[in-house]
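Working notes, structure below.
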Amino acid sequence: MSASRRPVSPERARGRGLGLVCAFGLAGACATPAAAPPQPLPFDHALHATVELDDGPLGCTTCHAGAERGVRAGLPALSTCLSCHMRPQGDPPSSEEARVRELAASGVPLRWIQVTRNPGHVYFSHGAHVARAGMACAECHGEVTTWTEPPTVPLRHLTSMDACLACHRARGAPTDCVTCHQ
Amino acid sequence: MSAKDPNRRDLLRVLGASVGAGVGATAGLAASAGEAAAAPARTRRWGMVIDLDRCTLCSSCTVACKQENNVPVVGPDDEHVGAQIEWLSILWQEPEQPGGLPQGMPFPCQHCADAPCVKVCPVGATYKNDEGITMQIWDRCIGCRYCMVACPYGRRSFNWETPRWDGTQIQMLNPDVATRTGGVVEKCTFCYQRVRRVRERAALEGREIEDEEVRRLPACAAACPAEAIVFGDLADPESRVSELARDPRRFQLLDYLGTDPSVIYLKRDRR
Amino acid sequence: MHAELRPELRPELRRVSPIWYLMVLVAAIAVGVGLYCYSVQLARGDIATGLRNPGNGGAAWGFYIVFYVYFVGVSFAGITVASLARVFHIDTLKPVTRLAELLTIVALGVGAMMVLADLGRPLDGLLKLPALARPSSPFYGTFTLVVSGYLFSSLVFFVLAGRYDAAAMAQTGPPLLRPLYRLWGAGFRDDDVAHTRHWRSSFVLAMTIMPLLIVAHSTLGFIFGIQAGRPGWFSALQAPAFVVMAGVSGTGALIVLAAIVRRLFRLEDRIPIAALRWLGNFLWVLAAVYLYFMIVEELTSTYAAPRADRRIAHEVVGGSFAISFWLTVGSLGLAFLIPFVMYLRRLTSVAWLVVAALLANVAAVLKRLLIVVPSQTHGGHLQLREGLYTPTWVEIGVVLGAAGLLVLGILLFGRIFPLVPTPVPEARRHAAVPREPLRVLATVTCALIAAGLIAFGLSDSFRMWSGDELDPRVPFSPAIFATGVILLFSSAIVYETFPARRRRATPRRVIRPPRARIHRVDVRAQLRSSRDPRVRRKS
């Protein structure tokens with residue numbers, strides 16, 4: 001280092017430091033995976049798991065109708081929500097809960113943003129896994145009853161064929177290609 | 001009937017049957033529904049009988065097939081001659097008398113039991129599943145086209161370019177069937193997506209697949225107005241296909257090659 | 001030692017003729033054209049080629065497969081000539097053995113590129129073939145036996161044979177390239193024992209390479225010959241015919257190459273005409289055999305053959321392919337006649353040999369085309385639509401690029417390494433080799449490990465451990481098999497390059513006692529500074 005370098009003034013040093021911090025922050029922000037955009041309704045799984053209907057607790061299949069016997073689990077239509085939320089629910093009713101009625105009144109269709117999506121060439125049948133193989137929802141989806149916000153990241157541990165195959169082999173399920181490939 | 005070294009086929013059939021029985025037993029443990037034990041696995045052989053006496057050569061089967069299976073439409077210009085993708089097409093033949101009515105037959109993949117295409121695929125993208133369907137897993141295909149030249153019937157098509165669906169054409173795609181990329185081979189799969197649905201429903205309800213459910217299951221059979229195409233389990237002697245297959249008018253294409261196809265034709269009755 | 005050799009026999013790099021620059025330029029342009037055409041194919045898809053569905057009357061396999069088979073066929077003669085020269089002590093061929101091995105290696109690389117160009121999804125192919133390939137498909141043999149076994153064994157043969165000259169060039173060659181020569185000739189001691197060892201190992205290599213060659217080329221023939229559904233292809237003659245045609249085209253290519261190299265690199269004295277004469281004789285013998293095969297094929301497919309076979313035979317001989325067919329027959333006939341007449345008249349003309357060799361290659365390309373295309377466009381047992389196959393400029397460009405790459409590879413190599421191996425006198429090849437158990441142990445260990453990898457890789461490729469599943473138990477078992485084959489041939493390298501026990505050339509370093517520190521005292525200065533009155537002081 002030569003002795004002829006000019007010393008940096010305090011203002012300039014602060015500016016440079018700030019710039020560096022901003023650069024790192026931007027890089028960090030770009031590096032983290034983008035969170036899914038917010039859902040039209042801020043659904044709280046944990047809250048709804050405690051709900052008791054007349055004929056028992058609010059099960060998964062009330063909203064995800066195909067989860068037990070269908071191919072696709074499905075997402076609820078606005079009418080499903082309105083079957084309870086036509087009148088204010090909750091003690092006390094929150095402003096978020098009121099959005100259901102606002103959405104119904106506005107006439108805009110309810111479009112959930114699907115976070116977990118299989119590639120087009122994969123056939124995954126919920127019915128085959130839940131009704132036929134007897135798996136519980138939590139085995140793949142985790143403890144849904146603890147989620148206070150809608151999920152923002154897809155199921156991470158099923159991102160490759162090997163993950164599916166490992167479980168199939170362990171449980172004696174068919175490993176024929178055409179079982180899952182369409 | 002799987003795609004392995006022929007010397008071990010018998011051993012593997014036994015293995016496959018025991019594994020199949022094991023799978024059937026596992027599937028029988030239906031927890032929440034409390035159903036009776038699911039149907040035990042059985043060696044099926046899906047097959048098809050095409051009655052040429054009933055066939056009017058209307059070609060509805062070809063249209064239905066393209067619709068059901070998201071078959072890409074390839075341009076009609078000169079560059080695309082010979083690049084058309086056909087899963088099921090009509091094999092046109094010379095008229096019986098000159099100037100007479102055209103002759104032909106609906107011509108899907110024959111799903112040969114001893115398929116030459118299965119033997120030559122270097123990566124196993126095409127294979128014979130234990131229910132007798134010669135399946136094509138496009139995701140595995142590397143596009144070497146060996147299966148295409150090996151097929152004596154010429155029933156395989158290659159995606160010479162990446163298929164495109166413009167604008168609202170995307171909405172007519174069948175979500176149960178994957179769309180393919182360029183550079184892979186595709187062919188008739190006996191509408192396996194439909195077979196799979198029927199099988200799952202039957203298993204959920206704890207019963208065997210009824211023959212009535214599958215008689216007109218593939219898109220071509222469902223669309224045929226003359227009911228000329230019948231689908232079913234050739235290994236079940238009581239199914240409609242087996243009954244039709246015993247008809248004295250039966251013949252198969254290129255049977256002398258030893259491919260043992262699963263498609264049986266019934267000759268036109270000229271009386 | 002090289003220093004003892006007469007100057008005209010020492011390995012050296014000579015000044016090239018100016019035509020070398022022209023040829024390199026043309027070859028480089030061809031490579032550029034090939035790259036451009038391939039990029040067009042990648043962008044637009046295979047629709048840019050003239051290939052189409054055989055069910056719709058097109059040909060799914062065309063120029064690329066034709067030239068794949070052609071280039072692999074060309075590589076046949078190279079290593080065959082080198083192996084024959086070794087096994088049967090054909091000293092006339094010794095000057096061209098290095099060129100032959102080089103031709104084999106470069107042609108195989110180019111042939112592999114042709115297959116990749118043909119694949120619809122080449123990147124997937126590069127990943128899935130080593131991971132999942134099935135031995136029941138003749139294509140498995142293509143990339144394991146041909147690419148790994150055949151290519152690598154030729155590479156090993158080439159590298160081991162070149163160590164002698166590399167060691168010499170490390171002393172006398174251009175300074176820029178000396179690191180390369182040192183690497184290649186590393187550990188080579190120019191004594192009779194090393195030469196004898198090389199003589200022995202090259203014999204074993206040659207004996208294992210020759211059956212491997214037959215198998216590899218037969219695999220190429222099996223790709224077509226085992227398909228009952230394609231009349232015109234289904235024939236037991238395909239495998240032997242491919243082997244013989246490989247010999248014809250390869251010998252022809254080698255003759256052309258040797259003649260060009262003689263002129264460009266001014267090696268007329270090093271590559272005697274006798275070598276070319278021998279190759280010319282080999283050419284007419286093989287050409288005669290292939291003409292015989294063609295006659296047998298024609299008779300069989302026209303006498304009382306099924307209708308589909310006869311249709312193709314008539315189409316080839318008298319129909320749309322007639323011009324190609326008769327060109328093939330004529331070229332092959334001349335490729336036989338010219339060297340045969342020269343043999344009878346006991347004269348050798350390099351120019352006529354080159355003509356005959358070029359005609360042999362023309363015949364080879366056309367015959368491959370006649371095998372691959374008519375059975376698709378006019379073949380099939382069913383009366384499917386008849387069609388046409390015309391290669392597009394994309395295909396022609398890619399093939400030109402491949403040919404350019406072949407020429408470029410050889411010409412560039414000739415500038416950095418002598419193309420003619422230095423002859424080793426017979427007397428030096430039969431020394432008494434001392435017993436070295438460690439060397440044998442290392443070689444045998446390498447070979448045993450290789451055998452283990454081969455056994456496991458092959459059995460898992462056959463899905464023996466997979467139960468009911470379609471994929472090998474351990475992923476990449478075809479690659480494991482190929483690695484085993486490569487390692488098996490590398491054991492020859494282990495055998496030759498294992499460090500020999502050597503006598504000490506320099507004596508052990510003697511451990512001397514540390515030097516005694518002698519403290520020097522300046523007596524006069526001491527005396528000067530002392531107060532002793534006896535010392536005379538300067539005033």
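Every chain is numbered from 1 and lettered A, B, ... according to where its sequence line falls, protein lines coming before strand lines. Just so it is clear, the values below take in all heavy atoms, side chains as well, and ignore hydrogens, waters and symmetry mates.
For C:Arg44, the parts lying near chain B are the backbone and the side chain together; criterion is any non-hydrogen pair under 4.5 Å. Heavy-atom distances place the side chain of B:Glu86, and not its backbone, under 4.5 Å from chain C. No part of B:Arg155 comes within reach of chain C, as not one of its non-hydrogen atoms sits under 4.5 angstrom from that chain. Interface residue B:Ser157: backbone and side-chain heavy atoms are both found under 4.5 Å from chain C. With a threshold of 4.5 angstrom between heavy atoms, C:Phe222 approaches chain B through N, CA, C or O but not through any side-chain atom. Of the atoms belonging to C:Leu388, not a single heavy atom falls under 4.5 Å from chain B. There is no contact between B:Val185 and chain C, counting heavy-atom distances below 4.5 Å. For B:Thr181, the part lying under 4.5 angstrom from a heavy atom of chain C is the side chain only.
Judged by distance alone, with hydrogens and angles left aside, the side-chain atoms of B:Arg156 form no donor-acceptor pair with the main-chain N or O of C:Pro54 at under 3.5 Å. The closest donor-acceptor contact from the side chain of B:Tyr146 to the backbone of C:Ile223 lies under 3.5 Å. Using a distance-only test at 3.5 Å, with no hydrogens or angles considered, no donor-acceptor pair links the side chain of B:Trp160 to the main chain of C:Ala48.
Within 6.0 Å of CD on B:Gln169 lie more than 12 heavy atoms contributed by other residues, nucleotides or ligands. For B:Asp166, the CG atom sits in a packed shell: over 12 heavy atoms of surrounding residues, nucleotides or ligands are nearer than 6.0 Å. Within 6.0 Å of OH in C:Tyr303 there are 12 or fewer heavy atoms belonging to other residues, nucleotides or ligands. Atom CD1 of B:Ile170 has more than 12 heavy atoms from other residues, nucleotides or ligands within 6.0 Å. Enclosure of atom CZ in C:Arg473 is not indicated, since only 12 or fewer non-hydrogen atoms of other residues, nucleotides or ligands lie within 6.0 angstrom.
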Chi angles and distances behind the side chain to side chain contact (heavy atoms under 4.5 Å, CB included) call for B:Val120, C:Phe139:
CA-CA 8 Å; B:Val120 299; C:Phe139 268 177; over 6 Å; no
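Note: B:Pro122 leads B:Gly143, B:Pro122, B:Cys141 in heavy-atom pairs under 4.5 Å with chain C. Between chain B and the options C:Gly58, C:Ala59, C:Ala60, heavy-atom pairs under 4.5 Å are most frequent for C:Ala60. Between chain C and the options B:Gln93, B:Glu94, B:Glu161, B:Arg140, heavy-atom pairs under 4.5 Å are most frequent for B:Arg140. The residue among B:Gly182, B:Cys151, B:Gly124 with the most heavy atom pairs within less than 4.5 Å of chain C is B:Gly124. Taking C:Gly229, C:Ser375, C:Ser137 one by one and counting their heavy-atom pairs under 4.5 Å with chain B, the maximum is reached by C:Ser137. Ranked by non-hydrogen atom pairs under 4.5 Å with chain C, the options B:Thr162, B:Ile85, B:Val81 are led by B:Val81. By number of non-hydrogen pairs under 4.5 angstrom with chain C, the leading residue of B:Leu254, B:Val149, B:Leu91 is B:Val149. For the options B:Pro152, B:Ala150, B:Gly258, B:Cys121, heavy-atom pairs under 4.5 Å to chain C are most numerous at B:Cys121. Each of C:Pro122, C:Pro231, C:Pro138, C:Ala228 has some count of heavy-atom pairs under 4.5 Å with chain B, and the biggest count is that of C:Pro138.
The CZ atom of C:Arg134 sits 10.5 Å away from the NZ atom of B:Lys119 when rounded to the nearest 0.5 Å. In this structure, the separation between CG on C:Leu127 and CD1 on B:Ile142 is 10.5 Å, given to the nearest 0.5 Å. With values rounded to the nearest 0.5 angstrom, B:Leu257 atom CG is found 8.5 Å from C:Phe234 atom CZ. Atom CG in C:Asp124 sits 7.5 Å away from atom CG in B:Asp139 (nearest 0.5 Å). Atoms CZ and CG, from B:Arg145 and C:Leu51 in turn, are 5.5 Å apart once rounded to the nearest 0.5 Å. We find the CE-CG distance between B:Met148 and C:Asn53 to be 4.0 Å, quoted to the nearest 0.5 Å.
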